[in-house]
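Ligands are counted one by one from 1 in listed order, and the atoms in each one are counted from 1 as well. Just so you know, residue 1 is the first one in the sequence shown, and it goes up from there.
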Amino acid sequence: MEHDFSLETLLQHIGEETGFPYGAVTPPIVQSSLFTARSLRERNAQGGLNDAGYVYTRNGNPTVRLAEQKLAALEGTEDALCFGSGMAAIAAAILTFAESGAHVICVDTAYPPTRTLLQSWLTRYGVRTTFVSGECVEEFEQAIQPDTRIIYLESPSSLYFRLQDLRAVSALARARGIVTLCDNSWATPMFQNPHALGVDIVLHSASKYLGGHSDLLAGVVAGCREHIERVLKTRELLGGILDPFAGWLLLRGLRTLPVRMERAHKQGLQVAEWLASQPQIARVNHPGLPSHPQHKLARSQMRGYGSLFSFETHPITEDQAYAFTDRLHLFRFGCSWGGYESLMLGWAQTESDAAGKAPWLFRVYIGLENPDDLIRDLHGAIATLTP
Ligand SMILES: Cc1ncc(COP(=O)(O)O)c(C=O)c1O
C-alpha cells in the first residue's frame with residue numbers, strides 16, 4: 001500500500017489489501033503453534049518455512065504479523081515486532097544492542113524496571129550504565145565513552161514528564177555510531193514519531209494506549225529492517241513473541257487509537273489546566289502546559305499529548321493526602337494507564353518536616369469519562385489538600 005495516506009487511513013487498511021477469509025471484516029486469530037509445509041521437499045527448499053512464510057509461532061504468526069505491519073506504518077519504520085509485554089520488548093532491544101561489557105547511557109526518569117534491568121540485572125554481564133537527567137544534549141555528550149553502544153530515551157518520562165531533545169540526541173549518537181532507543185508509550189505514534197526525528201529504535205508498552213482497554217499485555221520494537229532482523233533473532237531465542245489472541249486484541253485496540261488519543265489529548269489538558277489553577281496545587285507536570293519548562297521542545301517534537309501527568313502539592317500531612325484520595329469517586333488507584341478508566345497514584349516527595357508535612361506527588365491518568373465529571377470529582381476532594 002502507498003505510504004502517502006494519513007496515519008488514520010494506514011492504520012485501518014495496511015496489511016488488509018487482500019481481505020480476510022470469508023470476507024470477514026476482522027482478521028482471523030491464527031491460534032496455531034505450528035505451520036506445516038505440504039511436503040518435506042518444499043519445507044527443506046524454503047529453509048524450514050512453509051509457502052506462507054511461517055514455521056512456528058515463536059518465530060512469527062500471521063495475526064501478530066498484521067499488528068506488526070500496522071505498527072511499522074504508524075511509526076514510519078521499515079518493520080516492527082510485537083512482544084508479550086512492554087518489558088519483553090525493551091529487554092529484547094537492549095539485549096540485542098548491548099554486548100557484554102558495553103556502556104549504556106539512560107535517562108534517569110526512564111520506567112523503573114527498565115532502569116533496574118540496566119543497573120542491577122545487566123551488570124552481571126558487565127554492562128555499565130550512566131544515568132543522565134537528559135534535559136540537555138551536552139549531558140549525553142559528556143557521558144559518552146569509547147564503548148558506549150546504546151543511548152536509552154523515554155520522552156516524555158512517565159512520572160515527572162521530562163523530555164529529551166530527540167533530534168539533537170539522535171544526531172549526536174548517530175555521529176558516534178551509537179544506537180538510540182526511545183520508549184514512545186506516552187505520546188503514541190499518533191503524537192510523536194521518534195524515528196522520523198532520527199531515533200533508531202522505537203519502543204512501546206502496548207499494554208497502555210495502543211491496546212487501550214486494560215485487557216492486554218504487549219510490547220513493540222520498531223525500526224529499520226537491519227535492526228529489526230537483529231531483534232528478531234533475540235525474540236526467537238528468548239521466546240518473547242506476543243500470543244496470537246493478544247495480537248488480535250492489540251489489533252482491535254489499535255482500530256480506535258486515533259479517536260481515543262484525540263480525546264486523551266483534549267481532556268488530559270482540560271483537567272491539567274483546571275488543576276494548575278487551584279491554590280492547593282504547587283505545580284502540574286504536563287508537557288502541554290505553557291508552564292512546563294520544556295513546553296517549547298514538546299511542541300517542536302510532538303503533535304499532541306497523552307493524558308497521563310502528575311501534580312505536586314504544598315507540604316501536607318499523610319492524612320490529608322489519603323483524605324483527598326478517599327473522597328474521589330471516579331478515580332481508581334493503580335499503576336498502569338492507557339485504558340478507559342481514570343487512575344491515580346501518590347507519594348510523599350520528601351521525609352515529613354517537624355509538623356509532619358511533606359509535599360506529595362500525585363500521578364493522574366485521565367480516562368474516557370467526561371472531563372467535566374472528573375473535574376467535579378476532583379473539586380469535591382481538593383480542599384483536603386489545603387496546606
Ligand atoms: C513508560 C512505560 N514503559 C514501559 C512499560 C512496561 O510495559 P509492560 O507493563 O507492558 O511490560 C510501562 C508499564 O507500566 C511504562 O509505563
Side-chain angles (χ1 to χ4, degrees), residues 64 67-68 71 75 80-95 106-119 121 131 134 150 152-164 166 180-192 194 199 201-222 231 234-235 238-243 245-247 249-250 253-254 257 261 264 268 285-287 302 305-310 332-339 341-345 347 361 363-367:
V64 176
E68 292 171 349
L71 287 157
E75 279 297 4
L81 294 173
C82 286
F83 287 80
S85 70
M87 274 315 293
I90 290 167
I94 292 176
L95 287 169
C106 179
V107 286
D108 60 11
T109 48
Y111 178 60
T114 303
R115 282 184 273 142
T116 307
L117 174 72
L118 286 165
Q119 119 196 29
W121 203 83
F131 290 94
I150 293 178
Y152 189 95
L153 309 168
E154 184 179 316
S155 185
S157 59
S158 60
L159 189 55
Y160 294 102
F161 303 90
R162 297 201 184 118
L163 275 64
Q164 299 97 55
L166 299 183
T180 41
L181 277 59
C182 179
D183 186 330
N184 197 31
S185 306
W186 188 86
T188 83
M190 299 317 301
F191 294 151
Q192 178 170 262
V199 170
I201 300 283
V202 184
L203 302 164
H204 284 280
S205 168
S207 324
K208 309 293 183 273
Y209 281 128
L210 301 185
H213 294 75
S214 300
D215 54 8
L216 158 76
L217 281 191
V220 181
V221 178
V231 179
T234 311
R235 188 179 74 173
L238 299 187
I241 192 173
L242 188 63
D243 168 76
F245 179 56
L249 281 176
L250 174 56
L254 284 175
L257 182 69
M261 291 315 293
N285 303 308
H286 186 308
M302 289 192 277
Y305 307 108
S307 58
L308 181 77
F309 61 91
S310 62
R332 305 175 213 206
F333 307 101
C335 65
S336 194
W337 48 277
E341 71 288 8
S342 289
L343 296 164
M344 193 173 292
L345 289 175
W347 308 266
L361 177 87
R363 192 183 80 168
V364 193
Y365 171 68
I366 300 302

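Counting only distance, with no hydrogens or angles, the side chain of Ser307 and the backbone of Ile366 share a donor-acceptor pair below 3.5 Å. Ser157 places a side-chain N or O within 3.5 Å of a backbone atom of Arg162 that can act as its donor or acceptor partner.
Atoms of ligand 1 found under 4.0 Å from any heavy atom of Ile90 (numbered from 1 in listed order, with element): 4 (C). When each atom of ligand 1 is checked for a heavy atom of Gly86 under 4.0 Å away, the hits are 7 (O), 8 (P), 10 (O), 11 (O). Every atom of ligand 1 is numbered from 1 in the order shown, and the set under 4.0 Å from a heavy atom of Glu154 is 1 (C).
Under 4.0 angstrom from ligand 1, the non-hydrogen atoms of Ala218 all belong to its backbone. Contacts of Leu203 with ligand 1, taken as heavy-atom pairs under 4.0 Å, are absent altogether.
Atom 10 (O) of ligand 1 has as its closest protein heavy atom Ser207 OG, 2.5 Å. From the protein, the heavy atom lying nearest to atom 9 (O) of ligand 1 is Lys208 NZ, 3.7 Å. Scanning the protein heavy atoms around atom 7 (O) of ligand 1, the nearest turns out to be Ser205 OG, 2.9 Å. Counting protein heavy atoms only, atom 6 (C) of ligand 1 is closest to Tyr111 CE2, 3.3 Å. Nearest non-hydrogen protein atom to atom 3 (N) of ligand 1 is Asp183 OD2, 2.6 Å. For atom 11 (O) of ligand 1, the closest non-hydrogen atom of the protein is Met87 N, 2.8 Å. In terms of protein heavy-atom proximity, atom 16 (O) of ligand 1 is nearest to Trp337 NE1, 3.2 Å.
Between Trp337 and Tyr365, the ring planes are tilted. Angles from 30° to 60° get that label. Classification of the Phe161-Trp186 ring pair by plane angle, with boundaries at 30° and 60°, yields tilted.
Remark: Tyr111 OH to Leu117 CG distance equals 12.0 Å, nearest 0.5 Å.
The closest approach between any non-hydrogen atom of Thr114 and ligand 1 is not below 4.0 Å.
Between the side chains of Glu154 and Thr114, no donor N or O sits under 3.5 Å from an acceptor N or O.
Smallest separation of non-hydrogen atoms from Glu341 and Ser214: OE2-OG, 2.7 Å. Minimum heavy-atom separation, Leu250 to Gly211: CD1-N, 4.0 Å. Heavy-atom minimum distance, Phe191 versus Gly306: CD1-N, 4.3 Å.
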